[in-house]
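Okay, structure first, notes after.
Keep in mind the model is a prediction, meaning the values are calculated, not measured.
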Amino acid sequence: TGTISAGTLDSTMMIKSGNVAIGSTAPTDKLYITDGASAYSGQDHRMLQLKRNATNSDDDDSFCSMLFSNNTNGFQIGYGGTSDRFRFLDGGGVERVTFLNGGNVGIGTTDPGEALDIVGNLKVRGDITAETLIISSSVTNLTTQFASGSTISVSYTHLTLPTTPY
């Protein structure tokens, strides 16, 4: 138990039963780092807990994160912000992948409305299996390839066929 001081920096550090706390005198995990928030309890066997003393409000002030970097660029992962979400940010601070607490995942969006919500192009190197396929009315060109023996059922409200045969 003790206080580490370096110039004007004062931080509390506690080592107890093999656990270490920085910013707290009650280490609950192998390494617990906080800016004053109480630790989550009841979840045994964690190796690391990072907790910000804030509620979801602002993408900067309520964001608890870790930065992975080298001398060229960095990548940040963390939790919190304006909503209850886990976030992946690129080196420029742009949120690229979002996991909402309810389970939806967004790529290119911070507010995914479906289980997987992608803003941008999607490339799949394998099969896509779907029980229902809905194609947006904004699609102007669609190329399809079906496996041998496939049954295709089409329902439509408006279909325009080309006037010249292929």
(request) Grab the two heavy atoms, one from G74 and one from S69, that are nearest each other, plus how far apart they are. (result) CA-CB, 3.7 Å
(message) A side-chain contact here means heavy atoms from C-beta on lying under 4.5 Å apart; do I107 and L116 qualify?
(response) yes
(message) For a quick test of reading the model, state the closest non-hydrogen atom pair linking L50 to M66 and the distance between them.
(response) CD1-CG, 3.1 Å
(message) I need the minimum non-hydrogen distance between V105 and V97, along with the two atoms involved.
(response) CG1-CG1, 4.4 Å
(request) Quick one: which residue pairs count as a salt bridge (Lys or Arg N to Asp or Glu O under 4.0 Å) with a foot in residues 126-137, not counting sequence neighbours? (result) none
(message) Going by ring pair (Phe, Tyr, Trp, His ring centres under 6.0 Å), name the pairs with one or both residues in residues 103-144, residues two or more places apart or in two chains.
(response) none
(request) With sequence neighbours excluded, tell me which residues meet side chain to side chain contact (heavy atoms under 4.5 Å, CB included) with I128. (result) V124
(request) Apply side chain to side chain contact (heavy atoms under 4.5 Å, CB included) to N101 and list each qualifying residue two or more places apart in sequence or on a separate chain. (result) D84
(request) Would you check if the side chain of S57 reaches a backbone N or O of T82 as a donor-acceptor pair within less than 3.5 Å? (result) no
(request) Mind checking side chain to side chain contact (heavy atoms under 4.5 Å, CB included) for L31 and listing every partner two or more places apart, or none if nothing turns up? (result) V20, I22, I33, L48
(request) With sequence neighbours excluded, give me every ring pair (Phe, Tyr, Trp, His ring centres under 6.0 Å) pair touching residues 13-36. (result) none
(request) Any salt bridge (Lys or Arg N to Asp or Glu O under 4.0 Å) involving residues 91-105? Give me the pairs, sequence neighbours left out, ordered by first then second residue. (result) R85-E95, R87-E95, D90-R96
(request) Of all the heavy-atom pairs spanning S62 and T55, show the shortest one and how long it is. (result) CB-O, 3.0 Å
(request) Measure across S24 and A21 and return the closest heavy-atom pair with its distance rounded to 0.1 Å. (result) O-CB, 3.4 Å
(message) Whether the side chain of T34 engages the backbone of K51 through a donor-acceptor N/O pair (distance < 3.5 Å, no angle test) should be reported.
(response) yes
(request) Would you mind listing every ring pair (Phe, Tyr, Trp, His ring centres under 6.0 Å) that reaches into residues 94-127, with sequence neighbours excluded? (result) F88-F99
(message) Using every non-hydrogen atom in the two residues, find where D35 and N53 come nearest and quote the distance to one decimal.
(response) OD1-N, 2.6 Å
(request) May I ask whether F68 and F86 are part of the same hydrophobic cluster, defined by side-chain heavy atoms of I, L, V, M, F, W, Y residues being less than 4.5 angstrom apart, directly or through others? (result) yes
(request) Keeping to residues at least two apart or across chains, list the salt bridge (Lys or Arg N to Asp or Glu O under 4.0 Å) pairs with something in residues 107-119. (result) none
(request) Please identify each residue that fulfils side chain to side chain contact (heavy atoms under 4.5 Å, CB included) with S65, with sequence neighbours left out. (result) F63, Q76
